[in-house]
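One structure follows; several queries about it will come next.
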Amino acid sequence: MRELMIHLHESSPKYKQIYLSIRLLIENKELQPNTKLPSIRQLAEILHVSRNTTLVAYEQLLAEGYIRSEQKRGYFVETFESVDIHTPTLHAEKYISEETNIKVDFRAGSVDQHAFPLKAWKQCVNEVSKDGIVYMYGEQQGDRLLREKIALYLLQSRGIRTSADSIVIGSSTQQLLMNLSFILKKEYSSIAVENPGYDGARAVFHLNGFQINPIEVKEKGLCMKQLEHTDSKLVYITPSHQFPTGVTLPIAERLKILKWAHSQNGYIIEDDYDSEFRYQQQPIPALLSIQQEARVIYISTFSKAFLPSIRLSYMVLPSELLDQYHQQFATFEQTASSIHQRTMARFMERGHWDSHIRKMRATYKRKMHALVSSLNFSFGNAISIIGPQSGLYILIQLQSSDSEERLIQLASDLGVKVYPTSHLFIGNHPQEPMLQLGFSNLSIDEIQQGVQLLKKAWMIN
Ligand SMILES: Cc1ncc(COP(=O)(O)O)c(C=O)c1O
């Protein structure tokens, strides 16, 4: 049911957001009287929340007369006169006031603001503003100079042999996955995804009508046995730093999955979103680099290693798919800004990119260390830390009888934002609550202050 694709965020309890969203839809007559609502179970599945959460939301709507329950038939929108109903403001006023009390935000989707190479970037912007190319739409496949620089970078840092011709630039990973799905769905009807995994990718596959086959992620990454038992010939994975568990797919498993893709005449979509940041070893080569003619579509982004607001991502397409891409999207303009693309190309050409990555690796390593040591010091055995060897976030699993939602609320009451993971799971999620803590845009002092507040909030001795 399209109307009930409610966007949930973390700044208030989920049952309240569901209740308010449905109430608003009813008051605005977007849900007409007598419309049948999804069952408690269906809605919980759609929104990736627990049944208890949807139950509490429905009970509130029932109590206030917005919906009715009919025996053996389910829930329906109630009929009533709508006269000048006060409409609650869902996102703006209510939640912004809560946001302002936040002292430490362990958000993962950001980068270190203070370490941003503003001077070098500005120099490149100035230079590029004199370049006639930025006064035009730009190449459909993306700025050629940028594609050349990316090809060089992929060879040097990810072991991938490719050329500018095989690289397609886009304005986000999801946008590239949308285009890719459009091509792939002509031949394939289902796709296997990691469970837990990136919900943003899943949403794209869902929107494109793919049947989604969740495959469990274990200590060695994606469970190959399960993959082999599905009817999918496509799989979307994050092999270098599994999102969100942080597992790196070992070489034996990498070889198996490459073989699988060949035998199926299928494809692996390799999302290499933050492979630059490994703290104990060097970045490991990409899956695409292991085999010539590998059936791999490689995707990466500048959002993690550089800046999320730049909206620049790219993919490397195998020749067969590249031909189809040209046929299907010949009349589509490039969606990423040509100024940003050319500026990034200059930034890479001048060597700023390599030094930025080196600097950020050292900076984030210090921050990761500070976060892990503070957590160990404050929580000892009461906490398990997942994925501290790489990336810009960790997961923590707490020995607690409180739910994920409750722990987030308790932290928020003391001014700390931590993030859920249950929406990343399809079906059951772990019994012990698992939370995501990013650190990239926090100072070491803020990280330590945040952990102390968490200890107080969760009162673990
Ligand atoms: C696994 C994964 N891939 C890609 C992205 C986003 O990339 P982009 O900013 O290019 O859309 C995210 C964002 O968090 C992610 O978790």
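As the structure lists them, so they are numbered: ligands from 1, and atoms in each ligand from 1. One-based numbering along the sequence shown. Keep in mind that this is a model prediction, so the values were computed, not measured.
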Would you say Lys304 and ligand 1 have an N/O pair spaced under 3.5 Å apart? yes

May I ask you to check if ligand 1 and Tyr198 share an N or O to N or O distance below 3.5 Å? no

Can you see whether Tyr188 has Lys186 sitting over its ring - NZ or CZ less than 6.0 Å from the centre and within 45° of the normal? no

Working for side chain to side chain donor-acceptor pair (under 3.5 Å), residues Ser400 and Arg406: CA-CA 10 Å; Ser400 167; Arg406 173 97 183 120; over 6 Å; no

Determine yes or no for a side-chain-to-main-chain donor-acceptor pair under 3.5 angstrom, with Lys149 supplying the side chain and Glu349 the backbone. no

So for ligand 1, is Thr173 a polar contact partner (N or O within less than 3.5 Å, distance only)? yes

Report, in ascending order of atom number, the atoms of ligand 1 lying under 4.0 Å from any heavy atom of Ser313. 10 (O)

Ligand 1 versus Asp271: contacting region, heavy-atom distance under 4.0 Å: side chain

Give the numbers and elements of all ligand 1 atoms closer than 4.0 Å to a heavy atom of Arg311. 8 (P), 9 (O), 11 (O)

Has ligand 1 got any nitrogen or oxygen that is less than 3.5 angstrom from a nitrogen or oxygen of Ser172? no

Measure the distance from atom 9 (O) of ligand 1 to every protein heavy atom, then report the residue, atom name and distance (to 0.1 Å) of the closest one. Ser303 OG, 2.6 Å

Check step by step if salt bridge (Lys or Arg N to Asp or Glu O under 4.0 Å) holds for Glu228 and Lys225. CA-CA 5 Å; Glu228 282 159 2; Lys225 278 221 167 70; over 6 Å; no

With salt bridge (charged side-chain N to carboxylate O under 4.0 Å, His left out) as the test, pick out the partner of Glu127 among Arg342, Lys122, Arg346. Arg346

For the residue pair Tyr393 and His241, does the interplanar ring angle fall in the parallel (under 30°), tilted (30 to 60°) or perpendicular (over 60°) class? tilted

